[in-house]
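First comes the structure, then the notes that go with it.
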Number of protein chains: 2
Amino acid sequence: MMFDGRSWRKEARQGMSGIADVAKLAGVSKSTASRALTGAGYVSDATRLRVVAAAAELDYVASTNAVSLATGRTQNIGVIMPYVTRWFFAEVLEGIHDALLQRDLDLTLYDARPGTQGRARIFEQFLARQRFDGLIAVGLEPSDHELERLLAIDRPVVGVVGEGGATSVVAIDDDNVSRRATEHLIGLGHRRIAFVGGGTGDFWSFVDQQRLQGYLETMATAGLSAYAEHAPSPVDLPGGYAAAVDLLAGVRDRPSAIVATCDEVAIGTIVAARRLGIRVPADLSVIGIDNHEYAEMFSLTTLAQQPREQGAAAVELLVEHIRDPGLPPTRLLLQARLMMRSSTAPPPGAGSAAYLDSELGDVL
Amino acid sequence: MMFDGRSWRKEARQGMSGIADVAKLAGVSKSTASRALTGAGYVSDATRLRVVAAAAELDYVASTNAVSLATGRTQNIGVIMPYVTRWFFAEVLEGIHDALLQRDLDLTLYDARPGTQGRARIFEQFLARQRFDGLIAVGLEPSDHELERLLAIDRPVVGVVGEGGATSVVAIDDDNVSRRATEHLIGLGHRRIAFVGGGTGDFWSFVDQQRLQGYLETMATAGLSAYAEHAPSPVDLPGGYAAAVDLLAGVRDRPSAIVATCDEVAIGTIVAARRLGIRVPADLSVIGIDNHEYAEMFSLTTLAQQPREQGAAAVELLVEHIRDPGLPPTRLLLQARLMMRSSTAPPPGAGSAAYLDSELGDVL
């Protein structure tokens with residue numbers, strides 16, 4: 001039973017109060033009571049106080065539909081994202097949700113998975129209804145046609161992930177974050193470093209393309225282009241697992257280190273290495289991007305981002321744009337932090353046995 | 001940049017159409033056009049068709065606030081759940097979302113994590129606004145006080161997970177599902193079988209209590225009560241990992257099989273076993289409940305449920321209750337299906353070497 005084993009009874013409510021009751025108790029007209037509660041039209045502070053007190057005493061809650069028509073505000077924010085089942089997106093969603101809750105705002109969720117009919121309906125029908133005061137788009141990456149539909153919405157939009165352009169955006173620097181991951185491995189002495197993730201199927205996210213680009217440029221700068229290799233994979237744990245099996249199994253001259261496009265792919269890679277009898281980090285170093293909730297369990301070295309903070313910051317930005325539609329767009333870049341755990345070490349034969357024998361040792 | 005690297009421009013919209021334009025094109029009065037589009041009041045089919053065609057031609061979208069006031073319907077469904085970052089809940093959420101999308105309904109999300117201030121605000125303030133035509137409560141398990149607040153909402157409620165009582169609910173039989181998992185292991189010849197999950201911290205979900213109960217009763221029925229053991233753990237992958245390390249490390253007489261309260265705990269257990277050098281299934285059998293997206297990757301034998309279908313079924317039930325408030329509550333029980341993979345086998349020394357040597361072999 002969903003409610004602690006108790007029976008769920010729908011009881012008739014006794015004496016639910018209407019606006020007329022509130023007006024009567026406060027000693028004002030219905031229209032004055034309504035104005036006082038919705039903020040539409042002038043009411044003296046003394047009267048407003050009396051009406052609000054009466055409403056509280058009667059447990060009266062204003063019809064929000066009436067309120068929103070009167071004020072032109074829905075008290076609701078739309079959130080559109082391509083996945084809710086992936087760690088990063090779910091975390092951003094919770095960050096947005098909690099920040100909205102504090103501001104007394106509702107959250108309407110649009111789950112726009114790439115390539116689905118549902119996504120098409122959201123763009124064609126749901127967004128056009130403008131049932132929100134503003135929209136937060138998380139890693140959306142719309143097609144040209146979808147972008148057109150978004151442009152037609154007469155509401156402020158704030159992005160999470162990406163560069164933003166003329167809209168405000170909260171993000172990390174995706175190009176730079178893979179650069180730092182790659183430099184970390186090069187600094188440890190690795191030369192044969194592969195990049196795992198992205199580049200399969202119809203949908204290759206711009207974020208993963210940027211991260212691959214940052215990796216390739218860093219390899220080139222270090223004179224290691226000859227060793228660069230991209231193993232495409234779906235951007236999730238099983239995808240990383242399968243790609244790593246293909247990359248590592250039965251190969252004599254396999255990479256000694258891997259930059260994964262995110263922690264889920266990195267963890268899949270670690271699981272695959274173990275399955276193949278390849279020790280992490282003694283035989284193979286793996287670095288991720290995210291600081292996923294499983295990262296600690298897998299002793300994963302990673303570039304940590306804070307998706308909840310990104311979600312909360314997007315709410316702050318959006319509220320400012322709603323208050324002042326003339327506000328110029330800003331780009332809020334959050335810094336990813338290198339979080340050293342024990343999935344990275346010097347390559348085999350690099351003469352750092354002391355480090356390899358440390359208690360950090362074998363991962364998983 | 002979030003939008004495929006292109007610049008995001010907010011362009012002035014030219015000639016947005018109002019209800020007056022629609023009425024003019026259709027050759028009817030504004031109030032007739034409004035009635036035709038909102039469904040409030042009589043309009044002939046021929047007229048309605050003409051108005052709808054005109055609205056489509058002008059790309060007119062009815063103000064939903066006006067619509068909802070006119071019809072008394074918000075065209076919006078509330079969804080309240082304790083977690084959005086856990087697999088089961090995120091899957092149910094997507095199932096609900098997609099079913100609502102097909103019915104042209106919006107989804108307002110209430111993320112009510114146990115023990116948070118946000119949860120208190122949702123119950124005290126957000127639900128009372130009744131900004132939805134109905135509410136779906138997923139694994140909510142409210143306190144007495146929260147239950148009171150829920151009872152005060154004048155909208156139909158449908159539950160997912162649990163027994164339901166006087167409200168309709170979609171669920172699997174949690175007691176029975178752990179019974180079947182335990183019987184599967186007993187059938188393979190295991191005697192020393194432990195149950196991992198639940199029972200830590202302030203929040204012990206009723207679902208996990210029921211699953212533990214089903215396990216304990218099955219052990220008793222088989223005369224194995226002396227071997228029964230509950231290892232408490234948070235209901236997630238790292239929680240299962242830590243609990244399994246405590247349960248299995250350095251113990252001479254450890255269990256030969258484990259029933260996990262869900263797949264995340266089961267997978268954490270498998271990862272811990274590998275870390276400890278315990279082979280799955282040769283030395284330890286592990287069975288889960290869920291069929292998590294990672295289950296296949298870890299070759300996990302599990303009782304599979306379909307959370308998306310549960311979400312979609314909850315939407316069907318809720319819509320029926322909204323249409324007919326007098327409808328008696330129903331309980332829709334979905335059957336969990338035993339999905340054999342290779343994380344379970346006869347116990348060590350049971351003489352089934354042929355099976356153990358099969359290619360199913362070692363997990364992970």
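Keep in mind that this is a model prediction, so the values were computed, not measured. Protein chains get the first letters and strands the later ones, always in sequence-line order, with residue 1 at the start of each. Note: hydrogens, waters and symmetry copies are ignored here, and every other heavy atom, side chains too, is used.
Counting heavy-atom pairs closer than 4.5 Å to chain B, the top residue among A/Thr108, A/Asp236, A/Asp106, A/Asn76 is A/Asp106. Between chain B and the residues A/Thr116, A/Leu105, A/Val79, A/Leu100, the most heavy-atom pairs under 4.5 angstrom are made by A/Leu105. For the set B/Gln102, B/Glu91, B/Glu296, B/Arg113, the count of heavy-atom pairs under 4.5 angstrom toward chain A peaks at B/Arg113.
Neither the backbone nor the side chain of A/Arg86 comes within less than 4.5 Å of any heavy atom of chain B. At a 4.5 Å heavy-atom cutoff, the contact between B/Asp111 and chain A is made by backbone and side-chain atoms alike. In this structure, the portions of B/Leu107 lying under 4.5 Å from any heavy atom of chain A include both its backbone and its side chain. Within the 4.5 angstrom heavy-atom criterion, no atom of B/Gln209 approaches chain A. Contact annotation for A/Glu146: neither backbone nor side-chain heavy atoms come within less than 4.5 Å of a heavy atom of chain B. Residue contact with chain A, scored on non-hydrogen atoms closer than 4.5 Å, involves the backbone and the side chain of B/Tyr110 alike. In this structure, chain B has heavy atoms under 4.5 Å from both the backbone and the side chain of A/Leu101.
Taking all atoms of both residues into account, the shortest heavy-atom contact from B/Pro238 to A/Glu293 is CG-O, 4.1 Å.
B/Glu124 CD: more than 12 foreign heavy atoms inside a 6.0 Å radius.
The structure places OH of B/Tyr241 at 8.5 Å from CZ of A/Phe298, a figure rounded to the nearest 0.5 Å. With rounding to the nearest 0.5 Å, the separation of OG1 in A/Thr85 from CD in B/Glu94 is 4.5 Å. A distance of 5.0 Å separates CD in B/Glu264 from OH in A/Tyr294, rounded to the nearest 0.5 Å.
A/Arg129 and B/Asp104 are joined by a salt bridge, as a carboxylate oxygen and a charged side-chain nitrogen come within less than 4.0 angstrom of each other.
Under the 4.5 Å side-chain criterion, counting only non-hydrogen atoms from C-beta, B/Ile122 is in contact with A/His97. Under the 4.5 Å side-chain criterion, counting only non-hydrogen atoms from C-beta, B/Asp98 is not in contact with A/Arg121.
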